[in-house]
Each structure stands twice: as C-alpha cells, then as structure tokens.
2 protein chains.
Amino acid sequence: MKNNVNHEKNDKHEQILRAAIKTFARKGFYNTRISDIAKEANVADGTIYLYFRNKDILLVSLFEESMNQIIHMVQERLAEIDDPIEQLRTFIKFHFELIKKDKFLAEVISVELRQSNKFIKEYKNIKFKEYLNIISGIIRNAQAKGLVAKHLMPGILKRMVFGALDELTLIWVLAGDSKYSIEKLSSDATEVLMNGIAIKK
Amino acid sequence: MKNNVNHEKNDKHEQILRAAIKTFARKGFYNTRISDIAKEANVADGTIYLYFRNKDILLVSLFEESMNQIIHMVQERLAEIDDPIEQLRTFIKFHFELIKKDKFLAEVISVELRQSNKFIKEYKNIKFKEYLNIISGIIRNAQAKGLVAKHLMPGILKRMVFGALDELTLIWVLAGDSKYSIEKLSSDATEVLMNGIAIKK
DNA sequence: CAATATTGAATGAATCGTCATTCATTTTGA
DNA sequence: TCAAAATGAATGACGATTCATTCAATATTG
C-alpha cells in the first residue's frame with residue numbers, strides 16, 4: 001500500500017491549510033503554535049515553511065484561497081437570477097449554506113479577519129472587498145430598478161448586511177448551537193434585511 | 001489593597017487604561033508590548049502590574065469598566081422614553097454618539113472583543129451580554145405592543161442590530177471620517193433597521 | 001537488470017530574539 | 001522616619017524560524 005502515494009491526496013499544501021483552519025478555529029491565530037498545526041497536519045514543523053513563507057502568510061493564504069472559491073460559487077448562483085431582490089435573498093441563503101458546510105472556516109473568517117486585515121502588513125484584503133462588492137452591486141442594480149431607495153448608500157448597506165450575517169455566523173459557530181437553527185437564523189435574517197432594504201410595494 | 005476596582009479616583013489606574021486603549025487601538029492587543037503601554041502612560045513597566053494582574057486582565061478590565069459606563073448611560077437615556085420603537089431609534093443614535101466621542105475605545109471593542117471573548121479564559125463577558133440584552137429587551141416590549149412581528153426572535157434580532165452597527169463602527173474608525181460621516185451612517189442604519197424590524201403601519 | 005548516483009522533499013532539534021513578569025532597590029510624601 | 005508606591009534591569013520561558021541531515025524516489029550507468 002505504500003507504493004506510489006503521489007497520485008493519492010498527498011497534497012501537503014491543502015493538508016496544511018485544513019489543519020491550520022481547524023487549529024486557528026480552536027485556539028485562535030495568536031495562540032496557535034506552528035507546531036500545533038504541524039501535529040494536526042501530520043507533518044514536521046519545518047515542512048510548513050516549504051509551503052508558506054511564515055505564519056502570517058499562512059493565515060493570509062487561507063483567507064485568499066477560501067474567498068476565491070466562495071466568490072466563484074456565489075457569482076455562479078447569482079448569475080441565474082435576474083431580479084436584484086431575489087439575488088439578495090439568494091445571497092443571504094447562500095451565506096448560511098456556506099457556514100453550515102464549513103464551520104471551522106466560518107469561525108476563522110469571522111473571528112480573525114478583522115485582526116489580520118488591520119495588523120498583517122502583507123495583507124491588502126482585496127478578496128474580501130470583492131466579496132462585499134457583490135452585495136453593493138446587487139443593491140445598485142436594485143436602485144436602478146426603483147426597488148431600493150436611492151438615498152441609501154450601497155457602501156453602507158453592504159456593510160450592514162455583512163455585519164448582520166457575520167454576527168449571526170458568530171453565535172452559531174461559537175455556541176454550537178442548539179439554541180437557533182441555521183434555518184431560523186437564515187429566515188429571520190432574510191426577513192429583516194429584505195424588509196429593511198427593499199421598498200415595500 | 002492596591003490592586004482592584006473601587007479606588008475610583010486613582011490617577012494611575014485611569015492613566016494606564018487610557019494608554020492601553022490608545023495603544024491597543026493602534027497596534028492590536030497581541031502586537032502591543034507592556035512596555036509600549038508603559039511608555040504611553042509615562043510609567044515604568046512594573047507599575048502596570050501594581051494595577052493589573054497581567055496583560056489579559058488589563059484588556060478585560062478595559063472592557064468591563066467601559067461597558068459599565070456605556071450601559072449606565074444608555075439605560076439613562078432609554079428610561080426617558082416609553083415607546084419601544086423610539087427607544088430602538090435612540091439606541092442606534094446613542095451608539096454613533098459614543099463612537100464619535102471615543103474613537104480609540106470603539107476601535108478596541110470592535111476589533112478585539114471577539115478574540116478576547118473566545119480566548120481569554122478569565123473573561124466571561126457578562127457586561128457585553130448585558131449590553132446586547134438591552135436591545136432584546138426593547139424588542140420584547142415592542143412585540144408585546146404589537147409593534148414587531150412576534151415570530152422574529154429577540155435573541156437573533158439583537159445580534160443583527162449589533163452586528164450591523166458594529167460593522168459600520170469599523171468602517172468609520174478604520175477609514176477615518178473621510179468617506180461616510182457619522183451622521184450618514186447613523187441615518188442609513190436607523191432607516192434600514194427600523195424598516196426591517198418594526199411593523200409598517 | 002542491478003548497482004550506484006542524484007535530487008529534492010521532509011524532518012525536527014537547535015538557535016536566537018522577544019517579551020511578560022518579577023523583585024531588589026529607590027523615591028515619595030505623610 | 002518609614003511604609004507605600006514606583007522603578008526598570010534581570011530573568012526565564014516560549015516559540016517562530018532555520019538548516020544540517022535523512023530518506024525515498026527516480027535517473028544513470030555498465
């Protein structure tokens with residue numbers, strides 16, 4: 001069974017990233033030791049430096065690669081929809097599907113993104129901005145069609161939407177939670193945000 | 001005798017806390033050295049340990065004491081108002097007044113609270129929960145008066161409100177005041193949240 | 001085909017700088 | 001005068017990063 005592992009999932013890069021996500025989620029970036037990640041990934045400490053320049057870059061790569069995938073997926077879903085109001089509804093739905101699918105990643109993004117954005121110099125955070133701009137894009141379209149009041153600024157609304165969703169993400173990933181189901185979070189969030197943003201007909 | 005709380009008018013205690021807020025805001029908790037705070041406060045490194053058991057406790061004290069004051073102030077303001085809808089409006093207004101008044105503190109709370117909540121074991125975060133429960137309290141009253149739909153859960157709404165406000169706080173403290181004024185943030189936030197939560201008459 | 005050489009991925013112990021915290025000493029002020 | 005407050009140099013622990021070495025896979029040779 002040890003013949004040729006090269007065709008197997010011996011992708012160390014991926015293996016280390018997954019271990020990092022899991023460990024950062026459990027202990028937080030600053031309380032995680034490289035040796036913790038190495039142990040979780042079943043590689044030597046030094047191996048991590050063959051794939052990532054340093055600890056900061058490991059976190060940044062994690063964000064970048066994840067956001068890339070997420071952006072791609074959500075764009076795909078939105079492309080099928082014409083009505084901006086329906087797009088916004090879908091965006092919210094999609095958000096909760098994502099956090100359900102990868103709880104550890106959701107936790108790392110929710111808890112560590114602010115810090116890293118502010119304190120890791122290498123990180124310009126383009127991908128995250130791109131993600132937020134999907135929301136403001138939808139809102140601009142809605143405004144053009146008279147579905148959202150024109151005096152509300154898309155740059156502010158996108159942050160409110162993200163902030164609300166992100167805070168709900170947090171209670172779900174931290175509490176584990178028997179208290180609120182993803183479905184209830186999703187439906188309450190959708191109702192409040194749609195009512196708040198779209199013009200009532 | 002020397003260490004904790006109730007020597008209200010202790011100059012150094014306050015002096016160190018202010019320096020800590022300023023320094024944490026600039027460099028983040030984990031990138032701040034005790035010696036940085038000492039320098040900012042014009043005291044010796046060791047002096048800080050006469051007032052705070054360790055670095056973690058310094059951050060926790062900062063949260064607790066600030067939240068105490070904030071809770072007290074907001075309760076006072078809300079007490080003058082009967083209508084829960086007006087209370088919610090006032091809560092939002094008050095939030096932005098606060099961040100305008102103490103930008104550094106707003107930044108520290110917004111950026112560091114999640115981390116500390118999750119990773120500092122000593123910290124049970126009672127005060128922050130109390131703050132959030134002011135919001136859910138208002139919403140429960142509104143529901144009792146038929147002003148907010150009963151099927152929306154106050155525990156979810158309080159988080160959405162806080163999340164939205166917190167995210168707007170973040171763009172203001174990080175970007176400086178250039179792009180959006182506090183007043184515009186406040187008015188857009190109020191409009192969206194009130195429309196989202198209150199039943200349209 | 002076997003023997004040998006080359007390659008580069010992986011290892012993990014050792015290094016080295018960085019602080020949080022301590023405490024012997026000094027300063028303050030009642 | 002002396003207890004409390006303040007100081008800041010010294011300590012000790014920790015942990016990111018390095019790099020000499022190992023090892024397995026593949027290539028070369030005769």
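Just so we're on the same page: letters track the sequence lines, and every chain starts at 1.
As rounded to whole Å, 4 Å separates atom P of dT17(D) from atom OH of Y49(A). Between the CG atom of D11(B) and the P atom of dG29(C) there is a distance of 12 Å, rounded to whole Å. One atom, CD1 of I16(B), and another, P of dA6(D), lie 8 Å apart when rounded to the nearest Å. In this structure, I48(B) places its CD1 atom 10 Å from P of dT7(D), rounding to the nearest Å. Between the CG atom of L50(B) and the P atom of dA3(D) there is a distance of 18 Å, rounded to whole Å. In this structure, CD of Q15(A) is placed 9 Å from P of dA10(C), rounded to the nearest angstrom. For the pair F52(B) CZ and dA6(D) P, the interatomic distance rounds to 12 Å; values are reported in whole Å. Rounded to a whole Å, the CZ atom of R53(B) is 17 Å from the P atom of dA20(C).
A close approach under 4.0 Å does occur between a side-chain nitrogen or oxygen of Y51(A) and OP1 or OP2 of dA10(C). Taking side-chain N and O atoms only, K12(A) has no distance below 4.0 Å to OP1 or OP2 of dA9(C).
Side-chain atoms of N133(A) come within 3.5 Å of backbone atoms of K129(A) as a donor-acceptor pair (strictly under, hydrogens ignored). When atom types are taken as modelled, the side chain of K118(A) and the backbone of L174(B) share no donor-acceptor pair closer than 3.5 angstrom.
Residues I16(B) and L58(B) form a side-chain contact, since some pair of their non-hydrogen atoms from C-beta on lies under 4.5 Å apart.
Note that the CD1 atom of I120(A) and the CD atom of E112(A) stand 9.0 Å from one another [nearest 0.5 Å].
Electrostatic pairing of R114(A) and E167(B) counts as a salt bridge here, judged by a charged N lying under 4.0 Å from a carboxylate O. Between D102(B) and R18(B) a salt bridge is recorded (basic side-chain N to carboxylate O distance below 4.0 Å). Here R89(A) pairs with E86(A) in a salt bridge; the nearest charged N to carboxylate O distance falls below 4.0 Å.
Between F128(B) and F162(B), the ring planes are perpendicular. Angles over 60° get that label, and only those under 30° would be called parallel.
Heavy-atom neighbours of K184(A) NZ from other residues, nucleotides or ligands within 6.0 Å: above the threshold of 12.
For residues 19-27 of chain A, proximity to DNA chain D is found at no residue, defined as any non-hydrogen atom under 4.0 angstrom from a strand atom.
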Strictly under 3.5 Å: I want the nitrogen or oxygen pairs between protein and nucleotides 15-19 of chain C, one per line.
from, atom 1, to, atom 2, distance (Å)
dC19(C), OP1, R33(B), NE, 2.6
dC19(C), OP1, R33(B), NH2, 3.3

